[in-house]
Structure formats: C-alpha cells, structure tokens
Amino acid sequence: MINTVIDSEHTELQDVCLDPFLDLENEIDKLRCSKNAVILAHYYQSPEIQDLADFVGDSLDLSKKAAETNADMIAFCGVRFMGECAKILNPRKTVVIPDKEAGCSLEDSCPPEEFAAFRSKYPEHTVVTYINCSAEVKAQSDIIVTSSNAASIINRLPKDEKILFAPDHHLGAYITKKTGRDMVLWPGTCIVHEQFNERELVKLIVRYPGAKIAAHPECPEAILKHADHIGSTRSILEYVTSYDAHTFIIATEQHIIHQMNKLAPHKTIIPAPGADGTCDCANCPYMAKNSIEKLYLAMANEVPRIEIPEDIRTRALKPLQRMLDLSPNAASQNRNAA
Ligand code: 13P
Ligand code: SF4
C-alpha cells in the first residue's frame, strides 16, 4: 500500500516535550493568524479540540468546508482519511494532521490491492464507496458517499444499476434496506459502532422508557432496529437538539455528546452501552490519538503533512467531486467560528 502521509525527517518533532507553562490555545491562535490556517474538527474529537476549532462537523460538512476554504493551511483534527479528502480537494494547500497514526478500522479493512481484486469480479457494477477509506480506494471508485448522503445519492442512480458498496457492511446493509437496491457489500466494519450491545441497550430502554434512541448507521442491525432516528453525526446532533424529548440514548462515538451538552444543556444524554453495560466502548481509539499538544506541533512544524501522489489524487478527486456536486443542500454550518 502507498502511504499517502509523507513522514518528513522531522516527524520526531511530534515527540518533543512542550513547556508545561505554554498557553497552547493562545499559541494555536497565533499560528492560526500567522499561517492563515483553518482548524477543522470532527464531532468525535476531544472537547478541548472541538472548542478551539473554526468548524466542527460531520464528514460531509468537513469535506465541504475543506473544499471552500481560503486558508493556506488546513489543520485537520479527525482521522487520516479526512485529512486526505482535504488534500485531494486542495492540492496546493498545506494539510496537517495532529497524529499520522490516526487511522480508521474501516480504512484498514479495505486494502487497495484486495479491493482491486474484489472489484475486478464485478466489472459491470458501479463502485459506491463510503468516505471512510484510503485515497487509493477512492481512486478506484465511481462515487464517494458519507453516512448523510449515501441513500439520496444511491436513489439517484438508475433503478437497475448494479452497485458494489464498500467498505462498511452495516451501512451498506442499512442503505440496501432503505433504498431497496441490490448491492454487493464489502465486509468491513467500524470497531467502535460494532461494540454496542443489544441486550444492554434493551435494559437501558426499560430503565428510561421515555428515551429516544439515535444511532449512527455504522451500527449493526441489532442496534439500528431499536433506533428512533438513524443518521450521520450531524443529523444525530440535530435530532437531539430539535426533537421534543428530554432523554436520548446515543449509539455513536460519545465525544459528540459535548456538542449536545452545549446546544441542549437541559436534556439528558446517555451513551449506548457495550457488552459490559458501560459506555466505554464508544471511544474511537484513532480519533483519540489527537491532542492539543500535537495540534500545536503540527501547525508549528507543518508535520505530519498529507501528500498524495498526483495520479492517485486526480483519480480520487473525480468520485469525491461527484459526491459534492450531488450534495448541494448539505448544510455547511459553522458552529464554532465567530
Ligand atoms: P459522519 O460522517 O457521520 O461524521 O461519520 C464519520 C465516522 O467516522 C463515523 O464513525
Ligand atoms: Fe473509523 Fe469507526 Fe473511528 Fe469512525 S469511529 S473513524 S469509522 S474507527
């Protein structure tokens, strides 16, 4: 596999000890100005990172934001494939990520060479790929989707179109059910959403009979069948803040609860449980690799920097741009910036 993150010779700068008295928020602000940088953060980032980002969003909104920014540097606090999307859309901008090891189990489940072999068995299928994959897999795709636009984009394809969907099997199964399309699915999963436990969820539902359940479509069917609302992280956030109920059980990565507490402080938000009955499973270990210290170092030293070989970038751009063109109404809300 081609590693699209260039490890410059300065990667060890990530390990330096910072002056404990440094006001990191202030230093990051100075870098934001001096480097004309924009900080984009996913809802799964720590509260500290979410609060200092210029924009917090789901993967579709973050891609849209990356596509339209005038900044010279994009500091992407999420996972590597999200930073890659920003670079695919902005080849001339500097794109840095706080930690080069911030991967994704869905990306790992779909190595480009194996995906190429799988695809070759279905030459007549349109390849619809979830954005949670590497640039090399995007480069082999016809169209990219996110959890917020997958169903609407697939519904726009001709009814008899043969579809191969990768890499998330649960999202693929959910979209198959929702659109009625016959799709060949790649067998990838998210290690976070897969850990929610139906038996423990049912116990929680019994304990909180009025609670509404909101789930991300990366969850298995056994969890989704209990959900009152299924959608992307932004759509879950909108549901919780706008729906007239007091208690919500959330089946997605739990750092999104930070935004829920900010936007709807009077509501009770309960993370969905794992097999041991606690919510500890709802932490993405890849998202958790980022920190304010690493963000500061990445912006100061401009490493780890995303670089993508030009032939892969241009091939990956086509299906990504196709997605953006088909998602004109996806709100690009700036929750944090003044
Ligand atoms: P969203 O597109 O809903 O932000 O999801 C991204 C993700 O990684 C979910 O696990
Ligand atoms: Fe990947 Fe799952 Fe983490 Fe999302 S939560 S970044 S799909 S491992």
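Every heavy atom of this structure was used, including side-chain atoms; hydrogens, water molecules and symmetry mates were not. Order of listing sets the numbers, starting from 1, for every ligand and every atom in it.
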Visitor: Quick test: of every protein heavy atom, which one is nearest to atom 8 (O) of ligand 1, and how far off is it to 0.1 Å?
Guide: Asn132 ND2, 3.1 Å

Visitor: Could you list the atoms of ligand 1 found under 4.0 angstrom from a heavy atom of Ser232?
Guide: 3 (O)

Visitor: Would you be so kind as to tabulate the donor-acceptor pairs closer than 3.5 Å made by side chains of residues 315-322, with sequence neighbours excluded?
Guide:
| unit_1 | atom_1 | unit_2 | atom_2 | d |
| --- | --- | --- | --- | --- |
| Gln321 | NE2 | Asp325 | OD1 | 3.0 |
| Arg322 | NH1 | Asp142 | O | 3.2 |

Visitor: For atom 2 (Fe) of ligand 2, which protein N/O/S atoms fall under 2.8 Å? Skip waters.
Guide: Cys190 SG

Visitor: Looking at Asp19, I'd like to know if its CG atom is crowded, meaning that more than 12 non-hydrogen atoms belonging to other residues, nucleotides or ligands lie closer than 6.0 Å.
Guide: yes

Visitor: So that I can tick it off, tell me whether Lys289 and Glu101 are bridged by a salt bridge, with the cut-off set at under 4.0 angstrom between side-chain N and carboxylate O.
Guide: no

Visitor: Do NZ/NE/NH1/NH2 and the carboxylate oxygens of Arg234 and Asp61 come within less than 4.0 Å?
Guide: yes

Visitor: Is Tyr44 near ligand 2, meaning one of its heavy atoms is under 4.0 Å from it?
Guide: yes

Visitor: Report the residues that fulfil ring pair (Phe, Tyr, Trp, His ring centres under 6.0 Å) with Tyr174, sequence neighbours left out, ordered by chain and then residue number.
Guide: none

Visitor: For atom 1 (P) of ligand 1, what is the closest protein heavy atom, and at what distance to 0.1 Å?
Guide: Ser59 OG, 3.3 Å

Visitor: I'd like the name of whichever of Glu107, Glu218, His42 reaches closest to atom 9 (C) of ligand 1 through any heavy atom.
Guide: Glu218

Visitor: Hey, can you tell me if His193 and His216 have their rings parallel, tilted or perpendicular (30° and 60° cut-offs)?
Guide: tilted

Visitor: Measuring from the heavy atoms of His193, does anything fall under 4.0 Å of ligand 1?
Guide: yes

Visitor: Indicate whether the side chain of Asn290 and that of Gln45 have a donor and an acceptor atom separated by less than 3.5 Å.
Guide: yes

Visitor: Indicate yes or no: does an N/O atom of Ser147 lie under 3.5 Å from an N/O atom of ligand 1?
Guide: yes

Visitor: Test of understanding: with side chain to side chain donor-acceptor pair (under 3.5 Å), list the residues that count as partners of Thr94, not counting sequence neighbours.
Guide: none

Visitor: Please state whether Cys190 comes within less than 4.0 angstrom of ligand 1, counting heavy atoms only.
Guide: no

Visitor: Evaluate Arg234 for polar contact with ligand 1, using N/O atom pairs at a separation under 3.5 Å.
Guide: no

Visitor: With the threshold set at 4.0 Å, does a side-chain nitrogen-carboxylate oxygen contact exist between Lys177 and Glu221?
Guide: yes

Visitor: I'd like to know if Arg32 and Asp29 make a salt bridge, using a cut-off of under 4.0 Å between side-chain N and carboxylate O.
Guide: yes

Visitor: Is ligand 1 less than 4.0 angstrom away from at least one heavy atom of Tyr43?
Guide: no

Visitor: Checking the N or O distance criterion of under 3.5 Å, is ligand 1 in contact with Thr233?
Guide: yes

Visitor: Does the pair Glu198/Lys225 count as a salt bridge with the N-to-O cut at 4.0 Å?
Guide: yes

Visitor: Taking the basic N atoms (NZ, or NE/NH1/NH2) and the acidic carboxylate oxygens, is any pair closer than 4.0 Å for Glu200 and Lys203?
Guide: yes

Visitor: Return the closest protein heavy atom for atom 5 (O) of ligand 1 as residue, atom name and distance.
Guide: His216 NE2, 3.3 Å

